[in-house]
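What follows is one structure encoded as structure tokens, with my remarks underneath.
Whatever order the structure lists ligands and atoms in, that order sets their numbers, starting from 1.
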Amino acid sequence: MRVQKLSEEDYRWLPKWLVSDSLPPSSRDPLGLQAGAEKLANRLLPGLTVFTYRIGYFFFLSWALRELNRKEDLRIEERLENLNRLERALVLCETVYHGKDHLKDCKHQGQRSKGHLLNQVEKKRASIPEKILKNQNNTGCYNLYRTPMRSGGFWEDDDEAASQGLIPFRLTNLGEKLANAFSKREYASDLLDWALNGKTAKSIETLAKWCESFCFCTFNRKSEKKAFLTGFLFAEGNNAEVVSDADTRQQTLRTLSNSNLLFAPASNSPEIVVVSAEGTDGDVSDLELLELGGDTSVLLHFYNNSNQKNTEFFIAAAIYEMLGLALNSIWSGLLDFIEVEGRMPLNLWVESVLRKSNSTQFWDSSLWSPEAQSQQSEDQLVGALFANNNKVDNGFMLVLKVLGRDRNRMNLREVLYDTELQALVEEAFPYNSQESVKGILPKIADLLLHRHKQVSQIKGKELWLDKDGDDVMMVDRQEMGLGFHSYRFSKLGSLARDLKLVESDLDHD
Ligand SMILES: [Zn+2]
Ligand SMILES: [Zn+2]
């Protein structure tokens, strides 16, 4: 599965914790760690992406695909244009339905355009907007949900359709159920008519009335929930890949549920953010559904409680992310240092790190000695790095802490066997070395610079830093955030909230 590339702007409306908690898109990936994170995320929640946060799209898109492929004499480009227009009409309806004070209750692609859409309303009438996203073909729902649709067993590739000028997917039986559910909503057909034929503005009362019948917060009726979960978790009668994706998701949901990370009493551990069910008309159950408190706390939970079953990929991801965070932090510290003069000898960086540090004992101690094991826990070191505190010191401490545990080394070998991070780490921090921590500082810088150069060449991107003899020089500094990559748990939480998922839904009848 591919990650969709987004601009900074598209990124901005994502939930707040995501911005501080997970890394910006791939352009901010100087050491090329994104791909490994993707692989691990696919072992936990395949078929989800950071954009699959609304159940409504599964229903809306299945319906739209069927309706638009029924029209005669259209080229595929025209069908997709109509689909874009339909999406814009939908977002307009949702916008006027929820109104300016409640836009956050019901989020869509193009969320940031909604305030603007409301300002465009004249004399209480509105037309289908020309634009809700910078590049709707990339960041609109069709492109972002194609893969999830396939993985959920709702859509199948249809090459024959493509040759007939149709949108190249066919609905499965389950997909038909989703499409039917949307088309049964009272004003769905009016929305379609308007998007395809309507040139006139509509009153906002009309649009709000339509939307009440198909608002994305409402796709949780019993039969709808069942249709969705049959594909998403149980994959009946589907091909092997779809079955495997569903099994993996099911396992992950069960593991989260067993640890009270998916469903939990309202007053649970402090690291988890409880999000109220605002905007969804709520029959309140005694188990309140949680927006998972960021991928970091989920991964660290399993890392710290590793005795539980079926948690190996959570733990592998936690290890991967901590090592990645540590290396990115060291890299970021080097960037900060070089930036001041634009060019500096590498040995001056090493001197500066050691001079500024108040952990002399740590730097002097031998790599795998007890003195090189920080008193701070992994959680504390991660927290310090998220806050950009002493990036190089804490980065080294975190790496040595993580690698200092035998279990983690094993895990690195067994589960991360195919990631390049492992090779980098083993070269940078050799297990049999007696060297002091400070002794490997220059080597780490060299390895990171080398790695950065390789990664940039493969991606065809400009270098940030480069070596020139004994000097390091700034080429093209980019901003970078320090965090964990997204593992899609919060998106899962958002889907579960939309569905009003309860624990018993995980048991298939
Ligand atoms: Zn809505
Ligand atoms: Zn509201």
Side-chain angles (χ1 to χ4, degrees), residues 10 13-15 51-64 83-121 124 126-129 132-133 136 139-142 144-145 148 178-195 202-225 227-228 275-284 289 291 490-501:
D10 300 315
W13 61 265
L14 292 173
F51 305 104
T52 39
Y53 54 94
R54 294 311 303 267
I55 286 293
Y57 280 124
F58 289 89
F59 290 84
F60 168 75
L61 277 166
S62 296
W63 167 75
L83 180 52
N84 283 348
R85 200 170 146 80
L86 188 57
E87 181 184 18
R88 297 200 300 274
L90 169 85
V91 169
L92 175 66
C93 290
E94 290 274 23
T95 304
V96 299
Y97 174 56
H98 291 280
K100 113 170 131 41
D101 295 331
H102 296 278
L103 291 178
K104 285 186 193 137
D105 296 350
C106 192
K107 290 187 176 170
H108 300 82
Q109 286 303 105
Q111 184 68 13
R112 286 190 353 109
S113 71
K114 287 181 176 177
H116 182 66
L117 296 185
L118 284 175
N119 293 334
Q120 300 280 87
V121 172
K124 301 208 158 199
S127 307
I128 298 175
I132 56 166
L133 287 158
Q136 199 182 356
T139 58
C141 59
Y142 170 69
L144 296 180
Y145 278 73
L178 303 192
N180 289 340
F182 199 95
S183 74
K184 275 187 204 148
R185 296 306 177 95
E186 191 170 358
Y187 295 103
S189 57
D190 296 85
L191 178 73
L192 183 67
D193 270 355
W194 191 44
K202 294 265 178 207
S203 83
I204 59 171
E205 284 82 11
T206 301
L207 299 179
K209 181 182 72 182
W210 288 2
C211 190
E212 193 180 359
S213 83
F214 51 68
C215 164
F216 271 19
C217 298
T218 63
F219 286 87
N220 44 39
R221 295 172 187 177
K222 204 170 169 217
S223 60
E224 295 167 346
K225 197 187 208 182
F228 180 80
V275 173
S276 70
E278 194 195 342
T280 61
D281 46 339
D283 35 311
V284 181
L289 201 56
E291 168 102 350
S490 80
K491 307 302 140 185
L492 177 69
S494 175
L495 292 179
R497 191 178 48 206
D498 271 355
L499 272 183
K500 297 190 178 156
L501 193 75

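- Proximity of a side-chain donor or acceptor of E87 to a complementary backbone N or O of G140 within less than 3.5 Å is not detected.
- The distance from atom SG of C217 to atom CZ of R497, rounded to the nearest 0.5 Å, is 8.5 Å.
- Ring geometry for W63 versus F60: interplanar angle of 30 to 60°, hence tilted.
- Considering only heavy atoms from C-beta on, Q109 comes within 4.5 Å of Y53 through its side chain.
- For the Zn ion (ligand 1), the count of nearby protein N/O/S atoms, taking only those under 2.8 Å, is 4.
- Annotation: cation-pi pair R54/F219 absent, no NZ/CZ under 6.0 Å from the ring centroid and within 45° of its normal.
- In terms of modelled atom types and a separation under 3.5 Å, the side chain of R88 and the main chain of I128 share no donor-acceptor contact.
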